[in-house]
Protein chains: 2
Amino acid sequence: MTMPYDTSAEAIRERLRACGLRPTRQREELAGLLFGSGDRHVTAEGLHREAMVGGTQVSLATVYNTLHQFTQAGLLREVVVDSGRAYFDTNTSRHHHFFNTHTHELADIHGDAISVGRLPEAPEGTRVEDVEVVVRVTPARV
Amino acid sequence: MTMPYDTSAEAIRERLRACGLRPTRQREELAGLLFGSGDRHVTAEGLHREAMVGGTQVSLATVYNTLHQFTQAGLLREVVVDSGRAYFDTNTSRHHHFFNTHTHELADIHGDAISVGRLPEAPEGTRVEDVEVVVRVTPARV
DNA sequence: ATAGCTGCAAATGCTTTGCAAGGCC
DNA sequence: GGCCTTGCAAAGCATTTGCAGCTAT
């Protein structure tokens, strides 16, 4: 579990500025939702809905833009578990995931709860950027 | 590396029939391309182009349908490495992948070349279906 | 003031679907 | 013949983009 962030309005503004992002109303609200309550896994659609329900007017396009800007700034990490939908994780440390293929829920697996041993050499002319383990699960049969 | 299949026209027809799929001209051609030359990683778009170049008239919709039918029949396996594009692998045995995020090339990592140790328990009410390791690589800096 | 953001709507890319025509058994 | 398949074109999603107007500094 990642250390909870200081989620005061000013702290969030400071964090955004530190990334070279202007603290706008929309970014502040989205950051508040994302970093205000422990580790989270969101989709653009889901975060957008949440913001709307929370009373903040944000366009879906801005949610997409913001998620990518946050990812680029290192505040988020993209998790690829579904071809057709992008997931973002507020836990940016090295770790892995359970993915429920029925409910489409993501759950963290702490980095040290899995050991990947004996990684073979990367193909000629390439270097390893990241190692991602996805454990697909389904509802247990009754 | 998987054992190469018998790729004679009749053998392919037999394989299709065994899966409950009628051996049509399109399926035979696609199966020929897929299983005719060792392990392959394809996208619908790519396989479609290949078929067209090879002189077989197949619609993209049929390529999609066929890829899914083959996957359901256990002849193919879907590999999720990119949110936005589906990849299919002719190697259906348990193994993992290198994915070049620049060239979008996939390469197999033999199942026994990586050991995933100490898998934590699946979340309440679920059972593990599959464990997939994706090693993302980029062109080495010069 | 000005460079950066936002929102809308249109465009894009991949994939699926509906339905009429064609092909396998 | 009857049912499965195909092909086309249209529809469907998730995502990106262009551009006019708004906002933080």
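Letters A, B, ... mirror the listed sequences (proteins, then strands); counts begin at 1. What you see is a predicted model, and the numbers here were worked out from it, not measured in a lab.
With a 6.0 Å radius and a threshold of 12 heavy atoms from other residues, nucleotides or ligands, A/Q72 has its CD atom at or below the threshold.
For C/dG4, the OP1/OP2 oxygens have no side-chain nitrogen or oxygen of A/Q69 closer than 4.0 Å. Between B/Q26 and the phosphate of C/dG23, there is no side-chain N or O to OP1/OP2 separation shorter than 4.0 Å. Note on B/T62: every side-chain N or O is 4.0 Å or more away from OP1 and OP2 of D/dT6.
Atom CG in B/D82 sits about 14 Å away from atom C1' in C/dT15, given to the nearest Å. Nucleotide D/dT5 holds its P atom 14 Å from the CG atom of B/L30, rounded to whole Å. Summarising the geometry, the separation between CD on B/E14 and P on C/dC25 is reported as 10 Å, rounded to the nearest angstrom. What separates CD of A/Q72 from P of C/dC5 is a distance of 12 Å, to the nearest Å. As rounded to whole Å, 14 Å separates atom C1' of C/dG13 from atom CZ of B/R49. Between the C1' atom of C/dT6 and the NE2 atom of A/H48 lies a distance of 12 Å, rounded to the nearest Å. As a whole-Å value, the separation of B/M52 CE from D/dG7 P is 9 Å. As a whole-Å value, the separation of B/L16 CG from C/dC24 P is 13 Å.
A/I109 contributes atom CD1, which lies 8.0 Å from atom NE2 of A/H97 (distance to the nearest 0.5 angstrom). Taking CD of A/E50 as the reference point, atom CG of A/L34 lies at 8.0 Å (rounded to 0.5 Å).
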Sugar-phosphate atoms are those with a prime plus P, OP1 and OP2; base atoms are the rest. Using that split, label each nucleotide of nucleotides 15-25 of chain D B, S or - for protein heavy atoms under 4.0 Å, 5' to 3'. BBB-----BBS
Test side chain to side chain donor-acceptor pair (under 3.5 Å) on B/H41 and B/D108 and set out the steps. CA-CA 9 Å; B/H41 303 100; B/D108 283 344; 2.7 Å; yes
As a quick check of understanding, evaluate side-chain contact (heavy atoms from CB on, under 4.5 Å) for A/V131 and A/L119, giving each step before the final call. CA-CA 9 Å; A/V131 178; A/L119 194 63; 4.0 Å; yes
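Each of B/T66, B/L60, B/L67 was checked for a side chain to side chain contact (heavy atoms under 4.5 Å, CB included) with B/L47, and the lone residue meeting it is B/L67.
Note on ring orientation: taking the six-membered ring where Trp is involved, the planes of A/F99 and A/H104 are parallel (angle under 30°, cut-offs 30° and 60°).
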